[in-house]
Amino acid sequence: MCGIVGYVGDRPALDVVVDGLARLEYRGYDSAGVAVLAGGTIDSAKRAGKLANLRAALEERPLAEGTVGIGHTRWATHGAPTDVNAHPHLDCTGSVAVIHNGIIENFATLRRDLEERGHELLSETDTEAVAHLLEEEMPEAGGLAEAMRRVCRKLEGAFTLLAVDTADPGAVVAARRNSPLVVGRGDGENFLASDVAAFIAHTRDAVELGQDQVVELRRDSFTVTDFFGHPAAYNEYHVDWDASAAEKGGYDYFMLKEIAEQPQAVADTLLGRAGLDGTLALDEMRLSDEDLRDIDKIVIVACGTASHAGMIAKYAIEHWSRLPCEMELASEFRYRDPILDRQTLVIAISQSGETMDTLMAVRHAKEQGARLLSICNVNGSSIPRECDAVLYTHAGPEVAVASTKAFLTQLVAVYLVALYLAQVRGIKYTDEITAVISQLAAMPEKVEKVLDIVEPVREVARSLASEKCVLFLGRHVGFPVALEGALKLKELAYMHAEGFAAGELKHGPIALIEDGVPVVVVVPSPRGRSVLHNKIVSNIQEIRARGARTIVIAEEGDEAVVQYADTLIRIPDVPTLLQPLVSTVPLQVFACELATAKGHDVDQPRNLAKSVTVE
Ligand code: M6R
């Protein structure tokens, strides 16, 4: 939530900052603002709505030229998305400007006290209080960095803060607690951002800051301390993708590009995992085989699309490793007092590695003594840093709010974890594991094939643009796929969409079926457990008898479904457990096409943000 950029260097700060905001806009797009230090003053501009509104305002009134600046794209928490509530916020004297990502939980008390002491706050935001607190601390602190440390000690909640001060025109000062912040190291210039995408066009050398740290950024240096001024440790790394990976590359939307990148993302996530002798070597796991043999229960925590990967993981882990596995929504997990101990392995799945609900679930599990593994796409993000081990997916940057390639690579990662557990626990022989690995190795080509034959999906999606509701049915691993199809449609097309386990239909949802209601059915392979296939064929007949318009996703060669499908979407034949890797893809295309037909911006759906860093 919220994108943050800071720059100190030789170039016009406004250009660098606005360019960085464009790359971070997926994090929040309710409003945007910038501030530049120039000629001993702060010049700023901010506008409600997308970055385009701010750009238009800057064309009308360009800011003064300066080489130090900060910028923000907002996902509103406190206060509506208006010009006034947009960041940056200034203190009473106009000499300090602040931008913020997160929620300051004690802001009401801080604000009341500030007002009692005579400060005038103009917005409804929690952020503005910080500008005024800095103003109060500045005289005694003797500088912005120390003032920031003092203010941070008074704040409760989650925050990344960036501030500039006219008294020190060569610096940007930032702080973080429970919210992302990275430094980009350039030559004679340095950057701050919530995500490396903001500065990847300028440098791939990054510094990951730790929890409760303050950084003072200058043209040729940066200094990191804790909130009490002690020097603090940080981690330097090199980003292994470049600016082109974070651009649309000729596609109309990032989502279309990311859907198309899936075969490569799946291949990259599989790369180098299996040794020559067929055994899996998940080096990043960092949990010893002994630790893993000790595990007697697995709990997966995740949100949204990642939780659907978690549901599929349950099927694979229990089937291959014979360990009991539960999937919990991270936002519910810690509130129901789960039973966890040293023999529990908690697996947190998160594309961004910053989802606050998942991070809090991880912390709760840690307090209870559980072992922790994360499956994550963003190197150095908060969740993997707080876990014992991490398996990185190699999807590359995912910019569209709707998760696509991250989901497929999460599936690959959970399959690998399930097989690894089976190997370590001696449940499967090496040749059995090798057989599944070769099936996985064939998946990039199968996903490519789905993309080649997906045109009928686009056609049917366009024909449904004026429908009010679409239902999705699946069984076994097709059930989470149905949930994922419905989630995609909700978030992109703003339509009522529900996913059901097909067997549950007769326990209530079948009452929703009436003439013409579109129902997408994910059919399991007829070559797998035939009982599953037969049951869903009956379910299709049941809904068709009640007037449903059936859109059936079925394996090539599955002739039993043909007579019951108003629209038939073919997918390649793959083993039952791996089917989500191919059956999800048409549903992504379906939602994207339908939303586009309705005129929606699929990269930035309303009310959403890519990375949900508040609970
Ligand atoms: O970054 P995460 O994987 O932790 O994000 C979890 C969800 O917020 C995310 O998957 C969300 O549901 C997507 N927008 C769905 O497309």
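Each ligand, and each atom within it, is numbered from 1 in the order the structure gives. In this text the structure is predicted, and so the values were computed from the model without any measurement.
Of the N or O atoms in Leu487, none lie within a sub-3.5 Å distance of an N or O in ligand 1.
Distances from atom 6 (C) of ligand 1 to the heavy atoms of Gly304, Ala309, Cys303 put Cys303 nearest.
The distance from ligand 1 to the heavy atoms of Lys488 drops below 4.0 Å at these ligand atoms: 15 (C), 16 (O). Atoms of ligand 1 found under 4.0 Å from any heavy atom of Thr305, numbered from 1 in the order shown, are 10 (O), 12 (O), 15 (C), 16 (O). Ligand-side atoms of ligand 1 in range of Gln351: 1 (O), 2 (P), 3 (O), 4 (O), range being under 4.0 angstrom from any heavy atom. Contact atoms of ligand 1 toward Ala402: 16 (O) (distance under 4.0 Å to a heavy atom of the residue). Listed by number with element, the atoms of ligand 1 under 4.0 Å from a non-hydrogen atom of Glu491 are 13 (C), 14 (N), 15 (C), 16 (O). Below 4.0 Å from some heavy atom of Ser403 lie the following atoms of ligand 1, by number and element: 15 (C), 16 (O). For ligand 1, the atoms closer than 4.0 angstrom to any heavy atom of Ala306 are 3 (O), 10 (O).
For atom 1 (O) of ligand 1, the nearest protein heavy atom (residue, atom name, distance) is Ser352 OG, 2.7 Å. Of the protein's non-hydrogen atoms, Thr355 OG1, 3.2 Å is the one closest to atom 2 (P) of ligand 1. For atom 8 (O) of ligand 1, the nearest protein heavy atom (residue, atom name, distance) is Val612 CG2, 4.0 Å.
Judged by distance alone, the side chains of Glu398 and Ser403 do bring a donor and an acceptor atom under 3.5 Å apart. A side-chain donor-acceptor contact under 3.5 Å links Arg176 and Ser382.
Remark: aromatic rings of Tyr315 and His476 are close, center separation under 6.0 Å.
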| said: Test side chain to side chain donor-acceptor pair (under 3.5 Å) on Asn377 and Thr393; report intermediate values, then the result. | reply: CA-CA 5 Å; Asn377 192 42; Thr393 52; 3.0 Å; yes

| Going through the distances and angles, do Asn101 and Ser194 end up as a side chain to side chain donor-acceptor pair (under 3.5 Å)? | CA-CA 9 Å; Asn101 173 23; Ser194 7; 5.2 Å; no

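Using cut-offs of 30° and 60° on the angle between ring planes, the pair His78 and Phe107 is perpendicular. Using bins of under 30°, 30° to 60° and over 60° for the plane-to-plane angle, the ring pair His364/Phe333 lands in the perpendicular bin. Under the 30°/60° scheme for interplanar angles, the aromatic rings of Phe590 and Phe472 are found to stand perpendicular.
Just one residue in the list Thr584, Thr404, Thr305 forms a side-chain hydrogen bond (donor to acceptor under 3.5 Å, both in side chains) with Lys488, and that residue is Thr305.
Ligand 1 lies nowhere less than 4.0 angstrom from a heavy atom belonging to Thr358.
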